[in-house]
Amino acid sequence: AAALFSQMRVAGLEPNHITFITLLSGCADFPSESLKFGASIHGYARKLGLDTSHVMVGTAILDMYAKCGLVGFARVVFDELMVKNSVTWNTMIDGYVRNGKVENAVEVFNEMPERDRISWTSLIGGFVKRGHSEKALEWFSEMQVSGVEPDYVTVIAVLAACADLGTVGLGLWMNRFVINEEFKDNIKISNSLIDMYSRCGCIEFARQVFEKMPIRTLVSWNSMIVGFAVNGLAEEALEFFNLMQKEGFKPDGVSFTGALTACSHAGLVDEGLLFFENMKRIHGIRHRIEHYGCIVDLYSRAGRLEDALNVIENMPMKPNEVVLGSLLAACRTHGDVTLAERLMKYLFELDPGGDSNYVLLANIYAAVGRWDGANKVRKRMKACGIQKTPGFSSIEIDCNIHEFVAGDHSHVEAECIYSMLELLSFELKASGFVS
Amino acid sequence: KNDGTDEAAAERRRRKRRLRIEPPLSSLHRAQQQQQQQQQQAQPQKAQNPNAPKLPEHVSALSGSRLNLHNRILTLIRENDLDEAALYTRHSIYSNCRPTIFTVNSVLNALLRQSKYSDLLSLHRFITQAGVAPNIITHNLIFQTYLDCRKPDTAMEHYKQLINDAPFNPSPTTYRILIKGLVDNNRLERALELKEEMDVKGFEPDPVVYHHLMVGCVRNSDVDGVFKLYEELKEKLGGVLEDGVVYGSLMKGYFMRGMEKEAMESYEEAVGENSKVKMSALAFNSVLDALSKNGKFDEALKLFDRMIMEHNPPRRLAVNLGSFNVIGEGYCAEGRFKDAVEIFRKMGDYRCSPDALSFNVLIEQLCNNGMLTEAEELYGEMGEKGVNPDEFTFVLLMDTCFKENRPDDAAEYFRKMVDAKLRPNLAVYNKLVNGLVKVGKVDEAKSFFDVMVKKLKMDIASYEFIMKALSESGKLDEVLNVVDTMLDDDGVEFSEELQEFVKGELRKEGREDDLAKLIEEKERQKAEAKAKEAEAAEAAKRSARAAVSSLLPSKLFGNKESESSSAEANGNAVEASVVN
Amino acid sequence: RGQAAENQIPNVVPPSILDLRRLCQEGKLKEAIELMDKEGVKADANCFRALFELCAESKLLDNAKKVHDFFLQSTWRSDLQLINKVIEMYVKCRSTTDARRVFDHMPDRNIDSWNLMINGYADNGLGDDGLQLFEQMRENGFKPNSETFLAVFSACGSADAVEEAFIHLESMKTEYGIAPEMEHYLGILGVYGKCGHLNEAEEYIAKLPFEPTAVVWEVLRDYARIHGDIDCQYRAEEIMAALDPSKAVTNKNPNPPPKKLTAINMLDGKNKISEFKNPTLYKDDEKLKALSGMREAGYVPDTRYVLHDIDQEAKEQALLYHSERLAIAYGLISTPARTPLRIIKNLRVCGDCHNAIKIMSKIVGRELIVRDNKRFHHFKDGKCSCGDYW
């Protein structure tokens, strides 16, 4: 397209706005390679005055900068535009969201004269992508109040937020909402629902959604397999893995992650290894780090720590802290301090700032009475300035999420909660639980 | 008159005062709680002692979802699914709809009716722990339970707690339960004291209470006591006895003194044509018993006929199971066993159903009079009527079978008893093994030994008996096997005498050393286990101490000696501080 | 506000008393209050009566207070009948404090005021205050009527004051010359019933000076149901049905469960089970043994195992207030029994909690689903789906 444009210039043809828009969107689609070219087109458009006076061209320039990661420039263009339509505003919001500047996006959003579903959706999607799922849900309820109808993109974003937070109450509400909309059979929505239910621990609901789908994609199958696997239903996961192939779907890396997770859950070491091998040999899929992670987990769970270590040492890539953490946890279960210490060497290099593995190591020492070791870890953490991530747990009651940290007294019903806990801990003792 | 109200009110308020200030928050539904909290905002929140007695909930608490829960559990009770009723009650404590004390009482009551004492006490412990405040019914049920279990001292301790702490007074029923239970448990003295206490507390004299006490005096052959109680009651009631419940015991008193004439005069007074005395089934039975036990069985039968005539359920209940028991027993005493069985089988026509005790009495009579076949027939009927035989039933049949030279059947009854989850004691086991060995069934006896040694605490005599029986039939390996078991039993000592005996027996076969080897091996095993245990304990201690000193601020541990005892706790603290 | 209404253009009809009446009739309490609040419509006596009743029915104290405010600003504020209604309303809204305040500020009171207030205490479980008020009433020289005594009995029932009820019954007959009627006897029966004295209630029925009717037995049956005395309930139900077949319970469960084995009889002395029965538990009943051992320890929550010489801060941690446990505890008190709970945790569940939650799931009879940063844990019946690897 760029070459054609040059020819056009050479031919002395005056480009019109359509030319610009087409070109700019071309640039926006390949942000890494065409920033310079895009900028020059901007310059050219400026000469013609199209960038500030022609709303569509301006928006296209804005979009181009935003997608190239230059949200500051985009803002300048935005501010200079004399006429803005809703697409311009939405593009600006999207630009901020895309570049992780959610606060600015909210600012623009608030300044907007009229917000349509795309504005809302961009914002909500932005929060979800940044991991602020709770914020996303708050904005979604604002959207409900404002009377703007969500579209399927909104729904998918909200479902992702539900999945993240595990708020099945709201998830169910969304499901009921979806049923009454024309996009109820949208495959992406169904896939999102499956993912949401399985991440909320309601694997049966996920299965129901799956079974009602008229058409399924690889993603649907993968979601089910992984869902079964993480919920501890190894048999079902493997059954679906086979069924999927019978129905003519070729498993991909994600499918194998699910199958391997299932194997490690059920302690099926040999089967797991076979899957791992077949993956490359028969299906020609490259092993990625998460697959190695599964194998390490598989061995660790079965108590074959040496084998697990062997895998780590012979991996073609550097192990990450997840892989090491899973073996470290096994060291704790099996009380293997020596191996834990060897692993920690890797970890210090890999992830010097991560707290969870330090904590694990300290626990391993403490469990076998190696207080010197535990102390050392503690000092090391202190020296590196690592703070323990505070653990928090949340529960959804009537679509409200309640969050707790250890020893939390801030809840309005703290008194009742603590008296319930006291009763519980007494009954635990009564039933012979010794911690 | 006003003095009366003032006194009663003052007593009541005294009991409640402390509690009125702090209503039992945790025992209320939370919606109500919030309301109460609002009402109480002006009052400073004091730290509440969780063990302080609380005001039980009022009947009005039983509404809305808590009423639904109550009805749901009542349905379960009606369906006789008590396990589920108890479990659902427990699970509801862990919910947004706590059961009221009324629901809990319903379950406790149902458990008591079925003699499920350990389930009852376990549920009671649980709700107490969960802070559901008991009311008078709860207390009464607990008294009844302890007394039924023959634990009068525990019941009285509980009573003391009620008097000292509970924010309400005992009810007349409380005293009926306690006094009857004390009498039944041979604590007549204490029962009499309790009657005095009732008096002091201003309770009206209760003829039923006097009845129980007089029964106790009769049982102790304390005729003076009987008369004294009778006079006392009469005087307190202004000379008029409307309730005929005490007449039976009074008659027994006269009979014991040989005052037959006076006895029959009292009889006339109670049930004569113009008598104004009200006779309940309990009162009738008592008189019936007095007659039939004192040579007036014909009179008793006449009275029984009259009772049957008067019996008009549901309004008028003149006969009950007890009436049939008395008459049945009377027939047996006269040697009229056929009549006894016949009247026993007629019981159902009068809406009475026999319990295990009635069956036992009759079966015992039949067994003792050479009518084992008839007894076994009755035993068969128990199943049909849904009555579960108890230890007594089985032991009766077992004994008689041995007597009639049917040892296999005897053993079968014992086995059935154990299979029915009943708990025969050591004496019963000894009877069985004795009987089996006597007829040369040593192997059978050993198999019962193997079963029961895991359940019962055997004494040295029981061990000795089986060893001797085995060695007499030349089963030395089995003897050594018993020795092995015995060495594992911490409750008994392998006495010198017994050791000598075993050695002597082994010597006959030249296996003298086997015993020493066995003992040595056992000791080695024990020492090993002990060492392992000590090591584990030491390791746990070390780890806890280490963990604590490394991970908790040192100011927490001024007292180093406490470390081992709080090892577990500190371990937890470590978890808390490290992981979360 | 009134002016604003006058300045309206004539063809827009301002909301009027008619609208308010309509709302009251339709039971639209919230709208009625809004109409008075925003539009300044003034209620008349009938409206107030209806509003008080609506508030009482809905049991919402906030609404009651608003309506009361309007009432105080109205010309009806000294209408005795209506003030009585206010008392009734507050009582039904479970605020005896507000009711009493109104009562205390009344310029005159009639017998209904006293009766309502005494009843109000009784209904709210404050029988003692009711009885005290009754004393005050007599001291003030007010002559109680038949209704008053019904209220007094009700108060006795809620104060566990059985003896006192009889003293009042006596004074009703002798001092005030009121012959007790059926309602009064039922009132006394209610005193027994509310206090849980069922045996005494049944004996009282036998002593009634008239042949007890089906209604009497029905009352006893209902109290027996409340207190869970199955035998008493069946007996009363049977007699009730015999007296009035229309009351027979048709879909009754056929067989009451069997009686316990030591029934009322004359054979106590013959109960020889104890000779043959092992009084303690068998050796292989270890679990039961542990339970009975705990029972003997006496129900006091044993915090010793955590609280040795640790200060408050450490105590809290030692008592294991981990966040997941807090979330579970909150979930428990917020949801119905046996519904599953879903907990999301950002870190790995610690081993100690994992074990604890396993057993908790059994104790509380629920499925506890915990999602940590690694995997899902479905705890049920004391087991975890992760097979104890986490």
Side-chain angles (χ1 to χ4, degrees), chain A residues 165-168 199-203 230-233 261 264-267 300-301 325-326 329-330 332-333 356 359-360 363 367 389-398 401-408 411 413-414 416-418 420-433 435, chain C residues 287 290-291 294 301-303 305-306 313 316-317 319-335 340-353 355-356 358-360 362-364 367 369-378 382 384-390:
Chain A
L165 294 170
T167 68
V168 74
R199 296 238 285 141
C200 289
C202 307
I203 193 70
V230 293
N231 278 284
L233 299 168
T261 311
S264 84
H265 243 294
S300 308
R301 250 183 106 120
S326 112
R332 178 184 175 164
T333 318
S356 62
V359 173
L360 251 177
N363 279 349
T389 314
F392 62 83
S393 301
S394 62
I395 184 165
E396 179 203 35
I397 304 289
D398 294 336
I401 298 165
H402 299 257
E403 246 179 36
F404 297 89
V405 298
D408 198 337
H411 198 275
E413 305 216 52
C416 291
I417 293 172
Y418 277 85
M420 177 55 78
L421 262 187
E422 225 165 275
L423 175 64
L424 267 177
S425 65
F426 185 84
E427 291 301 318
L428 278 177
K429 289 278 155 190
S431 51
F433 171 74
S435 57
Chain C
K287 252 190 227 152
L291 263 179
M294 193 172 61
D302 187 4
T303 44
Y305 55 87
V306 276
E313 183 190 358
E316 238 152 57
Q317 298 200 318
L319 273 171
L320 295 167
Y321 294 146
H322 275 188
S323 65
E324 47 269 60
R325 299 194 192 195
L326 289 168
I328 289 173
Y330 181 65
L332 291 176
I333 62 171
S334 312
T335 54
L341 297 179
R342 300 192 158 71
I343 314 291
I344 310 289
K345 181 159 193 205
N346 66 334
L347 304 177
R348 205 188 283 261
V349 176
C350 83
D352 191 47
C353 281
N355 283 337
K358 265 203 296 187
I359 299 168
M360 272 184 206
K362 195 177 174 65
I363 292 175
V364 305
E367 188 177 2
I369 301 162
V370 180
R371 187 180 95 187
D372 67 8
N373 65 345
K374 256 314 244 184
R375 54 167 50 88
F376 270 96
H377 303 266
H378 291 250
C384 178
S385 65
C386 78
D388 287 348
Y389 185 90
W390 64 93

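Chain identifiers are assigned alphabetically (A, B, ...) following the order of the sequence lines, protein sequences preceding nucleic acid strands; residue numbering begins at 1 within each chain.
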Peer 1: Give me the atom names and distance for the closest heavy-atom approach of A:Ile397 to C:Gly331.
Peer 2: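 In terms of heavy atoms, the two residues are closest at CD1-CA, 4.0 Å.
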
Peer 1: Can you see which heavy atom on A:Cys202 is nearest to which on C:Arg342, and at what distance?
Peer 2: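 Reported closest heavy-atom pair: SG-NH2, 2.9 Å.
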
Peer 1: Return the set of residues passing side chain to side chain donor-acceptor pair (under 3.5 Å) with A:Ser264 (not counting sequence neighbours), or none when no residue passes.
Peer 2: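 Testing A:Ser264 for side chain to side chain donor-acceptor pair (under 3.5 Å), a comparison that skips the adjacent residues, returns A:Asp297.
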
Peer 1: Which pair of non-hydrogen atoms, one from C:His378 and one from A:Gly201, has the smallest distance, and what is that distance?
Peer 2: CE1-O, 3.2 Å

Peer 1: Taking A:Arg199's backbone N and O only, do any of them form a donor-acceptor pair with C:Arg371's side chain (distance below 3.5 Å, no angle check)?
Peer 2: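 Answer holds: yes.
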
Peer 1: For C:Leu326, is it the side chain, the backbone, both, or neither that has a heavy atom closer than 4.5 Å to a heavy atom of chain A?
Peer 2: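 Backbone plus side chain of C:Leu326, per the 4.5 Å heavy-atom cut-off to chain A.
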
Peer 1: What part of C:Val370 lies closer than 4.5 angstrom to a heavy atom of chain A: side chain, backbone, both or neither?
Peer 2: neither

Peer 1: Hey, which of C:Ile343, C:Asp372, C:Ile344 is the one that makes side-chain contact (heavy atoms from CB on, under 4.5 Å) with A:Ser393?
Peer 2: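 Of C:Ile343, C:Asp372, C:Ile344, side-chain contact (heavy atoms from CB on, under 4.5 Å) with A:Ser393 is met by C:Ile343 alone.
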
Peer 1: Is chain A contacted by the side chain of C:Ile363, its backbone, both, or neither, given a heavy-atom distance below 4.5 Å?
Peer 2: side chain

Peer 1: Could you walk me through whether C:Leu332 and A:Leu424 pass the side-chain contact (heavy atoms from CB on, under 4.5 Å) test, one step at a time?
Peer 2: CA-CA 11 Å; C:Leu332 291 176; A:Leu424 267 177; 3.8 Å; yes

Peer 1: Search all heavy atoms of C:Ile333 against all heavy atoms of A:Cys416 and return the closest pair with its distance.
Peer 2: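 Reported closest heavy-atom pair: CD1-CB, 3.6 Å.
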
Peer 1: Check C:Ser323 against A:Phe404 and note the closest heavy-atom contact, atom names and distance.
Peer 2: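 Looking at all heavy atoms of both residues, the shortest contact is CB-O, 3.2 Å.
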
Peer 1: Looking at every heavy atom in both C:Tyr330 and A:Ile395, which two are closest together, and how far apart are they?
Peer 2: CD2-CG2, 4.1 Å

